[in-house]
Amino acid sequence: MSPPPSDELPAARRQPLQARSQERLDRILAVAEALIAEKGSEPLKMSEVAQAAGISIGSLYQYFPDKRAVIRTLAEKYALECRTSIEAELAEVHDKAGLSAAFSRLLDLYEQMMDSNPVMRDLHAGMLADKLLAELQLTESRAAGALLAAAIMRVFPKADAKKVGTLAFLVWQLGEETMRLTLSAKRGEAKALIEAYRRMSLRAITNPNDA
């Protein structure tokens, strides 16, 4: 297999075809999560992951070419979980009250996930320092923004679809930046920032013709 392009993060090298391979891959990721939760992703070492997973370093490299690939896979895992929640919450939105409620629930869910999952916090904090992880997050914001825009258009079918798409993407990306900002804020200030973002965003998405 040729090496990954320089402008792309290396992905997992081997897709598991058997239950045993899947079990080993799951164990590797679980171990990596535990190690990152304990001390962060920056000091994470492949030898450490292999030892904790009970496999040789050579076996680990059959699945992941380097640490960045492990981190990317975890980031993609969380991104998928978040997008699934977004799709589920927004799928049944058909009126203004439902739009507000669904958006607020998603914001609460994201806040809870960030509070309870140190790995998510670590990955989120590190995205600004890693261009390719930042691009992954931006791609997810665009996807989530598109889902939000579709929900807004169901509620306001006469709104300008292009403007709504831009608005929804901006609202979602500002949410990501707000959550990143809260990581370095005291708890009281962090809560105030989230609530300010909630009020601002709800005004925008429930009045798209005025935005």
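Every value quoted in this text rests on a predicted model; they were computed, and no experiment measured them. Any value given below was found using the heavy atoms of this structure, including those in side chains, with hydrogens, waters and symmetry copies removed.
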Determine whether Phe169 and Val164 make a side-chain contact, defined as any pair of heavy atoms from C-beta on separated by less than 4.5 Å. no
Measure the shortest side-chain to side-chain distance between Asn117 and Tyr78 over non-hydrogen atoms and say whether it is less than 4.5 angstrom. yes
So do Lys67 and Lys45 actually touch side chain to side chain, heavy atoms under 4.5 Å? no
Is it the case that the side chain of Tyr197 and the backbone of Val171 share a donor-acceptor pair, with hydrogens and angles ignored and the cut-off at 3.5 Å? yes
Can Met113 be reached from Leu193 by stepping across I, L, V, M, F, W or Y side chains whose heavy atoms are under 4.5 Å apart? no
Shortest non-hydrogen contact from Ser100 to Thr206? OG-CG2, 3.2 Å
Do Leu109 and Ser85 come within less than 4.5 Å of each other through their side chains, counting heavy atoms only? yes
Does the side chain of Asp122 reach to within under 4.5 Å of the side chain of Glu42, using non-hydrogen atoms? no
OH of Tyr61 to CE of Met46: how many Å apart, nearest 0.5 Å? 5.0 Å
Looking at every non-hydrogen atom in both residues, tell me the closest pair between Val93 and Gly98 and how far apart they are. CG2-O, 3.8 Å
Can a donor-acceptor pair be found between the side chains of Asp108 and Gln112 at a distance below 3.5 Å? no
Kindly determine whether Glu189 and Lys186 satisfy salt bridge (charged side-chain N to carboxylate O under 4.0 Å, His left out), including the steps that lead there. CA-CA 5 Å; Glu189 182 184 24; Lys186 293 182 179 179; over 6 Å; no
Using only atom types and a distance under 3.5 Å, with no angle test, would you say the side chain of Thr84 pairs donor to acceptor with the backbone of Leu80? yes
Side chain to side chain contact (heavy atoms under 4.5 Å, CB included) between Leu25 and Gln22, worked out: CA-CA 5 Å; Leu25 178 58; Gln22 182 64 58; 4.2 Å; yes
Would a distance-only check, ignoring hydrogens and angles, find a side-chain to backbone donor-acceptor pair under 3.5 Å from Asp160 to Lys163? yes
Does Glu23 have more than 12 heavy atoms from other residues, nucleotides or ligands lying within 6.0 Å of its CD? no
Indicate if Leu183 and Leu181 have the same hydrophobic cluster label, given that clusters are the connected sets of ILVMFWY residues with side-chain heavy-atom separations under 4.5 angstrom. no
How many angstroms lie between atom CG of Asn207 and atom CD1 of Ile152, to the nearest 0.5 angstrom? 10.5 Å
Using every non-hydrogen atom in the two residues, find where Gly165 and Ala149 come nearest and quote the distance to one decimal. CA-CB, 4.0 Å
Kindly state each residue pair satisfying salt bridge (charged side-chain N to carboxylate O under 4.0 Å, His left out) with at least one member in residues 168-184, sequence neighbours excluded. Glu177-Arg180
Apply side chain to side chain contact (heavy atoms under 4.5 Å, CB included) to residues Ile55 and Ile28 and explain how you reach the verdict. CA-CA 9 Å; Ile55 60 175; Ile28 291 169; 3.7 Å; yes
Run Glu195 and Met200 through side chain to side chain contact (heavy atoms under 4.5 Å, CB included) and show every step you take. CA-CA 9 Å; Glu195 291 309 311; Met200 178 187 70; over 6 Å; no
For Gln137 and Ser141, test the side chains for any donor-to-acceptor distance below 3.5 angstrom and give the result as yes or no. yes
Hphob cluster co-occupancy, Leu202 + Met153, side-chain heavy atoms under 4.5 angstrom: yes
Measure the shortest side-chain to side-chain distance between His94 and Val155 over non-hydrogen atoms and say whether it is less than 4.5 angstrom. no
Which pair of non-hydrogen atoms, one from Ile36 and one from Ser41, has the smallest distance, and what is that distance? CG2-N, 3.8 Å
Between Thr182 (side chain only) and Met179 (backbone N and O only), is there a donor and an acceptor less than 3.5 Å apart? yes
Under the side chain to side chain contact (heavy atoms under 4.5 Å, CB included) criterion, do Met120 and His124 qualify, and how do the steps go? CA-CA 6 Å; Met120 280 192 69; His124 213 74; 6.0 Å; no
Just verifying a value: how many Å separate Arg105 CZ and Leu90 CG, rounded to the nearest 0.5 Å? 9.5 Å
In Å, rounded to the nearest 0.5 Å, how long is the span from CD of Glu48 to CG of Leu35? 5.0 Å
Looking at Glu76 and Arg83, is any side-chain nitrogen of the basic one under 4.0 Å from a carboxylate oxygen of the acidic one? no
Does some side-chain heavy atom of Trp172 sit less than 4.5 Å from a side-chain heavy atom of Arg142? no
Using only atom types and a distance under 3.5 Å, with no angle test, would you say the side chain of Arg121 pairs donor to acceptor with the backbone of Asp115? yes
Is there a path from Leu133 to Leu138 through hydrophobic residues (I, L, V, M, F, W, Y) whose side chains come within less than 4.5 Å of each other? no
Does any part of the side chain of Gln62, heavy atoms only, come nearer than 4.5 Å to the side chain of Ser56, both counted from C-beta? no
Could you pull out the closest heavy-atom pair between Glu89 and Leu106, with the gap in Å? CG-CD2, 3.6 Å
Rounded at 0.5 Å granularity, tell me how far OG1 in Thr73 sits from CZ in Arg68. 12.0 Å
Residues Cys82 and Tyr110: closest non-hydrogen pair is SG-CE1, 4.4 Å
Distance in Å, Leu167 CG paired with Leu148 CG, rounded so as to fall on 0.5 Å steps: 7.5 Å
